[in-house]
Amino acid sequence: PPPPPRRSAPPQASVSATQTSGANGAAVAADAPAAKTDAPTTGDEPAASSARDVAPFMPPPRPSGLRRSILQLHVALASGVGFFAVLGQMMVRPIPEGKFETRDGALIDINDFDPVRLGPYPKCHPHFGEHQALLENGTATWVKNSAVPAGGPYPVGHPENEEWAAKAHQDAIDEVRRTRLTWVGLQPNLHLLVLASLCVLLGSKHAVWLYTEPADTRESSQLLQEEDAYLLPVVGSCVLFGLFCILRYLGTDFVKKAITFGIVCMCMFGIGSNLDHLATLVRKKAMKPLFTIPGFGQPVGKVELVGVCLGGTMAANFFVTQNWIINNIFGISFCLLGIKRVGISSFKTGAVMLVGLFFYDVFWVFGSKPVFGSNVMVSVAKGVEAPIKLMFPRALGGCGNLQFTMLGLGDIVVPAIFIAYLAKWDASRMGEKKASSFVYLDVNMVAYVGSLITTVAVMLFFNASQPALLYIVPYVLISTLATAICRGELKDLWNWEIPEEPEIEDHDATKED
């Protein structure tokens with residue numbers, strides 16, 4: 001069938017399905033709000049047709065057990081964050097001032113640090129970020145690593161010195177072989193799997209909750225159309241390369257602090273929005289707003305205001321300490337808000353988005369170094385000290401600082417937006433009594449976890465950064481298509497669209513009229 005007209009309703013029924021956990025349960029009745037129209041009717045067919053065309057969006061019935069499932073996932077995610085935060089902090093132990101701990105546990109004086117054997121000078125060394133060079137007259141001087149031309153040759157003490165890079169690569173592979181089946185080796189990978197998977201699952205189910213909200217209380221959201229999906233890789237590339245150029249050529253402390261400040265401020269307001277969503281879920285109704293932000297028309301309630309204040313406190317702490325736990329809290333909050341508030345209109349839009357960002361991720365991780373002399377994606381991830389990635393402690397450095405495995409927020413949000421669309425499709429099918437559980441959501445969660453395991457395995461095997469979307473996109477698309485083909489729903493899924501809802505400028509005035 002052709003795509004539904006603007007503001008038309010997807011198919012619905014009066015019966016919801018089983019609990020969202022995937023277990024079989026009893027179906028319960030859910031009353032969908034009746035459609036209203038202010039169009040006058042005169043009894044003739046054209047008037048009736050016109051009334052149907054302007055009918056407001058009617059969401060499908062809300063699946064049974066969805067609220068309880070979302071609350072349980074909030075508890076699980078908070079518990080996971082807390083559990084791994086404690087484990088990460090337990091790895092920290094003090095290193096005496098002026099000392100450096102080698103891989104074998106020996107303490108040496110920081111002034112005796114040997115860059116030939118131990119690599120680039122660490123953060124606790126007075127000449128961190130520098131290396132020694134000999135002038136023409138034979139005098140030794142200190143030179144910044146950033147001053148070395150791209151392509152080398154890279155002297156001793158530079159992170160890309162060939163002899164040191166080869167030694168470090170082999171040491172890392174030996175370390176993986178030694179610890180891969182121990183808790184030391186498994187902890188950062190389990191940390192990554194738990195937080196990323198719970199973010200995707202929670203965000204997708206909460207997106208279904210907002211999608212099935214009655215028309216008179218639902219929030220507005222950003223719905224990506226097909227043309228938006230084509231532009232995403234282009235816009236993403238421009239932003240990424242822009243940040244790379246800023247860090248490389250204007251990478252002063254002031255510029256880095258300014259970038260961090262802007263991102264942290266956005267995360268601060270995200271904490272407020274997410275806390276307000278959670279409070280609405282617990283109370284089963286939204287709280288009355290205290291005021292509306294002038295110029296934006298954004299209402300602000302008590303809980304959201306408290307959340308912004310809490311976020312502001314954490315933001316101030318992060319701005320000073322760069323604490324990895326706060327970084328992850330902000331990153332998770334940003335992911336959840338993106339998954340809930342940004343959607344896609346159709347399966348085709350989602351497929352275009354995933355395939356486009358697949359090539360975007362592969363190029364900027366694998367293809368950027370030969371072109372620009374550096375791995376642009378990794379350079380930005382490490383250079384921007386802001387919550388643009390999740391951090392998972394894996395070892396303690398010689399100066400007593402934690403070393404991390406990282407996962408970009410895009411590797412969570414991008415596939416999750418597509419998976420949330422499939423969860424809404426599940427809700428629609430359950431409303432029609434053509435499904436009894438979140439079939440596509442469950443299948444894609446298994447695929448997403450499998451793709452992350454593959455990413456980590458390849459990363460450890462080759463000791464090299466990997467573009468996670470290289471593995472996530474094929475897993476998710478193939479599993480979705482296979483499920484649709486097996487269930488005989490491929491054509492229906494391809495043609496199913498979520499209509500874009502026009503903004504209502506003055507809701508109260510509309511009701512009064």
Test side-chain hydrogen bond (donor to acceptor under 3.5 Å, both in side chains) on Asn145 and His158; report intermediate values, then the result.
CA-CA 6 Å; Asn145 292 331; His158 192 283; 4.8 Å; no
Parallel, tilted or perpendicular: ring planes of Phe113 versus Tyr121, cut at 30 and 60 degrees:
tilted
Mind checking whether His191 and Phe84 have parallel, tilted or perpendicular rings, split at 30° and 60°?
parallel
Going from CE on Met268 to OG1 on Thr313, what distance comes out if it is rounded to the nearest 0.5 angstrom?
10.0 Å
Ignoring hydrogens, what is the shortest heavy-atom contact between Ser479 and Asn444? Give both atom names and the distance.
OG-OD1, 3.5 Å
Say you draw a straight line from CG of Leu195 to CD1 of Ile332; how long is it, rounded to the nearest 0.5 Å?
4.5 Å
Run the side-chain hydrogen bond (donor to acceptor under 3.5 Å, both in side chains) test on Ser374 and Lys369 for me, step by step, so that the C-alpha distance in whole Å, both residues' side-chain angles and the decisive distance to 0.1 Å come before the verdict.
CA-CA 4 Å; Ser374 296; Lys369 187 169 184 178; over 6 Å; no
Would you indicate whether the side-chain heavy atoms of Leu87 and Trp183 approach each other to under 4.5 Å?
yes
With no hydrogens and no angle check, is any side-chain donor or acceptor of Arg180 less than 3.5 Å from a backbone partner on Glu175?
no
Short question: side chain of Asn161, backbone of Trp164 - any donor-acceptor pair under 3.5 Å?
yes
Check whether any side-chain heavy atom of Lys144 lies under 4.5 Å from a side-chain heavy atom of His131, and answer yes or no.
no
Are any of the side-chain nitrogens in Asp171 or Lys167 under 4.0 Å away from the carboxylate oxygens of its partner?
yes
Going by heavy atoms in the side chains, are Val384 and Lys389 under 4.5 Å from each other?
no
Tell me if a side-chain donor or acceptor on Arg394 pairs with a main-chain N or O of Phe404 at a distance below 3.5 Å.
yes
Should the pair Phe241 and Phe372 be assigned to parallel (<30°), tilted (30 to 60°) or perpendicular (>60°) ring geometry?
tilted
Check: Leu396 main-chain N/O paired with Asn401 side-chain donor or acceptor under 3.5 Å
no
Kindly compute the distance separating CZ (Phe359) from CG (Leu354), expressed to the nearest 0.5 Å.
12.0 Å
Say you draw a straight line from CG of Leu469 to CG of Asp411; how long is it, rounded to the nearest 0.5 Å?
4.5 Å
Tell me if the SG of Cys199 lies under 2.5 Å from the SG of Cys335.
no
Can you list the residues that meet the side chain to side chain contact (heavy atoms under 4.5 Å, CB included) rule with Lys257, with sequence neighbours excluded?
Phe319, Gln322
Starting from the C-alpha separation in whole Å, work towards a yes-or-no answer on salt bridge (charged side-chain N to carboxylate O under 4.0 Å, His left out) for Arg93 and Glu101.
CA-CA 11 Å; Arg93 61 180 183 277; Glu101 185 177 85; 2.4 Å; yes
